[in-house]
J.: 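Dropping the structure in here first, questions after.
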Amino acid sequence: LINLSDCYKLEKKYDKAIELLKLANELSKKLGAKQLIMDTYRNFYKTYESQLNYKLAFEYQSLYNMMSDSVFNEDKALAIGKVEGRYELE
């Protein structure tokens with residue numbers, strides 16, 4: 001859905017692109033797929049930016065940045081946990 005929304009954005013069919021992104025975002029949230037949620041936020045802000053709707057573009061860019069930080073911190077916490085686990089075994 002996210003890739004298909006990109007195609008619509010390139011064709012300047014922004015309403016259809018946003019409709020697909022809303023669906024993709026809803027499904028991603030139901031699945032708890034943070035990376036996909038982050039991808040939908042990024043595509044929302046790029047689509048709104050293409051429409052020159054800078055207010056919504058900024059809102060979605062902020063959501064993207066917050067989600068990106070969250071995913072990054074979780075990944076780092078997992079990596080630290082693995083290193084700590086290996087250290088405790090030695």
Side-chain angles (χ1 to χ4, degrees):
L1 292 173
I2 295 169
N3 291 336
L4 186 56
S5 75
D6 275 340
C7 294
Y8 281 113
K9 183 183 76 168
L10 291 172
E11 294 177 352
K12 298 184 182 195
K13 297 180 179 178
Y14 302 118
D15 291 338
K16 186 66 176 170
I18 291 168
E19 178 184 326
L20 289 172
L21 286 171
K22 287 179 181 178
L23 180 59
N25 188 260
E26 182 181 313
L27 293 172
S28 299
K29 286 179 178 178
K30 284 182 183 177
L31 294 171
K34 290 184 179 185
Q35 182 66 46
L36 290 175
I37 296 167
M38 190 173 75
D39 291 343
T40 61
Y41 288 156
R42 183 183 63 237
N43 283 34
F44 268 123
Y45 92 70
K46 288 183 177 192
T47 301
Y48 284 122
E49 185 178 57
S50 295
Q51 286 184 300
L52 306 179
N53 187 338
Y54 297 116
K55 182 178 185 245
L56 284 175
F58 178 75
E59 288 179 26
Y60 278 99
Q61 186 175 28
S62 296
L63 289 170
Y64 168 77
N65 289 337
M66 284 190 296
M67 183 63 72
S68 178
D69 290 346
S70 172
V71 169
F72 177 79
N73 289 337
E74 286 178 11
D75 289 347
K76 290 300 166 197
L78 286 173
I80 290 169
K82 287 180 183 178
V83 169
E84 287 175 343
R86 278 187 265 157
Y87 177 76
E88 289 174 3
L89 290 175
E90 293 178 1

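Position 1 is the first residue of the sequence; numbering continues from there.
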J.: Check Glu26 with Lys22, please: is the shortest side-chain N to carboxylate O separation under 4.0 Å?
T.: no

J.: Let me confirm one number: the OG1-CD1 distance from Thr40 to Ile18, rounded to the nearest 0.5 Å.
T.: 12.5 Å

J.: Nearest 0.5 angstrom please: Asn43 CG to Leu1 CG, how far?
T.: 11.5 Å

J.: Same cluster or not: Phe58 versus Tyr60, using hydrophobic residues (I, L, V, M, F, W, Y) connected whenever any side-chain heavy atoms lie under 4.5 Å apart?
T.: no

J.: Step by step, would you call Asn53 with Tyr14 a side-chain contact (heavy atoms from CB on, under 4.5 Å)?
T.: CA-CA 11 Å; Asn53 187 338; Tyr14 302 118; over 6 Å; no

J.: To the nearest 0.5 angstrom, please state how far the OG atom of Ser28 sits from the CD atom of Gln35.
T.: 10.0 Å

J.: What are the two closest heavy atoms between Leu36 and Ile2, and how far apart are they?
T.: O-CD1, 4.0 Å

J.: Rounded at 0.5 Å granularity, tell me how far CG in Leu4 sits from CG in Leu21.
T.: 9.5 Å

J.: Working to the nearest 0.5 Å, report the span between SG of Cys7 and CG of Leu20.
T.: 10.0 Å

J.: Apply side-chain contact (heavy atoms from CB on, under 4.5 Å) to the pair Leu56 and Gln51, showing each step before the final yes or no.
T.: CA-CA 10 Å; Leu56 284 175; Gln51 286 184 300; over 6 Å; no

J.: Tell me if a side-chain donor or acceptor on Ser68 pairs with a main-chain N or O of Asn65 at a distance below 3.5 Å.
T.: no

J.: If you look at every heavy atom in Lys34 and Met67, which pair is closest and at what distance?
T.: O-CG, 3.9 Å

J.: What's the shortest heavy-atom distance between Ala57 and Glu49, and which atoms?
T.: CB-N, 3.7 Å

J.: Please assess Arg42 against Asp39 for the test side-chain contact (heavy atoms from CB on, under 4.5 Å), listing each intermediate value before the final yes or no.
T.: CA-CA 5 Å; Arg42 183 183 63 237; Asp39 291 343; 3.3 Å; yes

J.: If you round to the nearest 0.5 Å, how far is NZ of Lys13 from OG1 of Thr47?
T.: 14.5 Å

J.: Check whether Tyr54 and Phe44 end up in the same hydrophobic cluster, where Ile, Leu, Val, Met, Phe, Trp and Tyr are linked by side-chain heavy atoms less than 4.5 Å apart.
T.: no

J.: Do Tyr41 and Asn25 have side chains that approach each other closer than 4.5 Å (heavy atoms only, starting at C-beta)?
T.: yes

